[in-house]
Amino acid sequence: MTSPDPVLAELLTSRIRDVPDYPKPGVLFKDIAPLLADAEAFGALTRALAGRAAELGATKVVGLEARGFVLAAPAAFAAGLGFVPIRKKGKLPGDVFARSYDLEYGSATLEVQCDAFAPGEKVLVVDDVLATGGTLGASLDLVREAGAELAGVVVLMELGFLPGRERLTGHLAGAPLDALVTV
């Protein structure tokens with residue numbers, strides 16, 4: 001998936017609703033609930049993600065809390081692969097690797113279970129939106145710290161007017177980053 005499929009991009013874009021002034025004035029929120037509710041669009045998205053996992057030779061699919069779970073878990077199932085969640089601090093039992101990162105107003109911490117991957121396992125990371133790159137960057141660092149190899153990253157939508165892609169360059173270490181839709 002080196003270049004976005006225009007037919008898929010149009011289908012997905014047509015099912016993403018703009019919500020002005022949410023969660024605060026001046027923000028145009030991209031609501032994916034209509035896409036998830038549409039069997040045709042959600043199925044096409046799931047097949048595209050599963051296909052990319054196969055193309056990259058992934059052995060597991062990682063989803064980022066929370067909307068990344070909704071995309072990554074069915075894609076993992078469709079590809080015949082396991083699913084691993086990366087969660088907010090304190091949500092996973094047992095020993096975890098943790099990574100803190102800066103947000104627009106403060107900081108956050110993400111975690112993954114220490115035994116989530118076999119050494120050298122190839123992982124496809126899936127999330128809904130690439131904005132500034134903080135969450136994805138921390139997640140990619142966690143994947144490597146947990147002993148896995150990054151096969152690639154796929155996001156449903158990239159906010160092209162923000163510097164997320166550029167901020168991820170070092171975290172990707174040459175792995176591909178695909179956006180199905182760019183807004």
Side-chain angles (χ1 to χ4, degrees), residues 1-46 48-49 52 61-75 84-92 98-112 124-143 150 152-173 175-183:
M1 184 183 310
T2 52
S3 62
D5 174 348
V7 174
L8 176 64
E10 174 57 33
L11 174 63
L12 300 176
T13 301
S14 73
R15 303 308 193 276
I16 297 170
R17 175 177 44 208
D18 288 343
V19 181
D21 299 319
Y22 182 83
K24 61 183 187 177
V27 173
L28 181 63
F29 184 78
K30 299 292 188 176
D31 182 12
I32 67 169
L35 186 157
L36 299 174
D38 183 281
E40 177 190 4
F42 190 38
L45 171 60
T46 300
L49 294 171
R52 190 60 173 145
V61 178
V62 168
L64 309 186
E65 188 164 341
R67 294 192 300 178
F69 295 175
V70 176
L71 307 182
V84 173
I86 289 185
R87 303 224 43 203
K88 294 174 184 171
K89 183 177 181 175
K91 301 291 185 182
L92 292 171
R99 182 70 58 156
S100 294
Y101 63 101
D102 291 327
L103 296 166
E104 186 177 355
Y105 300 106
S107 64
T109 301
L110 294 175
E111 297 177 337
V112 68
L124 175 67
V125 175
V126 173
D127 203 10
D128 64 328
V129 175
L130 170 57
T132 62
T135 303
L136 265 170
S139 298
L140 301 183
D141 293 345
L142 277 176
V143 163
L150 181 63
V153 177
V154 180
V155 295
L156 166 58
M157 148 180 44
E158 178 177 357
L159 305 181
F161 56 90
L162 293 174
R165 184 173 288 269
E166 293 77 30
R167 287 187 61 196
L168 288 178
T169 302
H171 299 279
L172 289 165
L177 167 59
D178 300 319
L180 301 177
V181 174
T182 301
V183 294

Rounded to the nearest 0.5 Å, how far does OG1 of Thr182 lie from CD of Glu158? 5.0 Å
Mind running side-chain contact (heavy atoms from CB on, under 4.5 Å) on Arg15 and Phe42 for me, showing each step along the way? CA-CA 9 Å; Arg15 303 308 193 276; Phe42 190 38; over 6 Å; no
CA sep, side-chain torsions, deciding dist, call: Val61, Leu49, side-chain contact (heavy atoms from CB on, under 4.5 Å): CA-CA 9 Å; Val61 178; Leu49 294 171; over 6 Å; no
Which of these passes side-chain contact (heavy atoms from CB on, under 4.5 Å) with Leu156: Leu130, Leu12, Val129? Leu12
Note: Leu140 and His171 closest approach over all heavy atoms is CD1-CB, 3.9 Å
Leu11 and Ala41: which non-hydrogen atoms are nearest, and at how many Å? CD2-CA, 3.8 Å
Is the side chain of Arg167 donor-acceptor paired with the backbone N or O of Thr132 at a distance under 3.5 Å, no angle test? yes
Val27 and Tyr22 have their tightest heavy-atom pair at CG1-O, 3.1 Å
Point-to-point distance, once rounded to the nearest 0.5 Å, from OG1 of Thr13 to CG of Leu180: 9.5 Å
Using a 4.5 Å cut-off on heavy atoms from C-beta on, say whether the side chain of Asp127 contacts that of Val125. no
For the residue pair Glu111 and Lys89, establish whether any side-chain heavy-atom pair is separated by less than 4.5 Å. yes
Closest non-hydrogen atom pair, Gly63 against Ala72: CA-CB, 3.5 Å
Do any N or O atoms from the side chain of Asp31 and from the backbone of Asp18 form a donor-acceptor pair under 3.5 angstrom? no
Give, for atom CZ of Arg165 and atom CG of Leu172, the distance between the pair rounded to the nearest 0.5 Å. 8.5 Å
Quick one: are Val143 and Ile86 in side-chain contact, heavy atoms under 4.5 Å? yes
Would you say Glu65's side chain and Pro85's backbone share a donor-acceptor pair under 3.5 angstrom? no
Contact summary for Ile32 and Arg67, nearest pair of heavy atoms: CG1-NH1, 3.9 Å
Looking at Ala48 and Leu8, what are the two nearest heavy atoms and their distance? CB-CD2, 3.6 Å
Check: Val62 and Leu142 side chains under 4.5 Å, non-hydrogen atoms: no
To the nearest 0.5 Å, what is the distance between NZ on Lys30 and CE on Met157? 7.0 Å
Find the distance between CG (Asp128) and CG (Leu64) and round it off to the nearest 0.5 Å. 8.5 Å
One should read off an interatomic distance between Asp141 CG and Ser100 OG, to the nearest 0.5 angstrom, of 11.5 Å
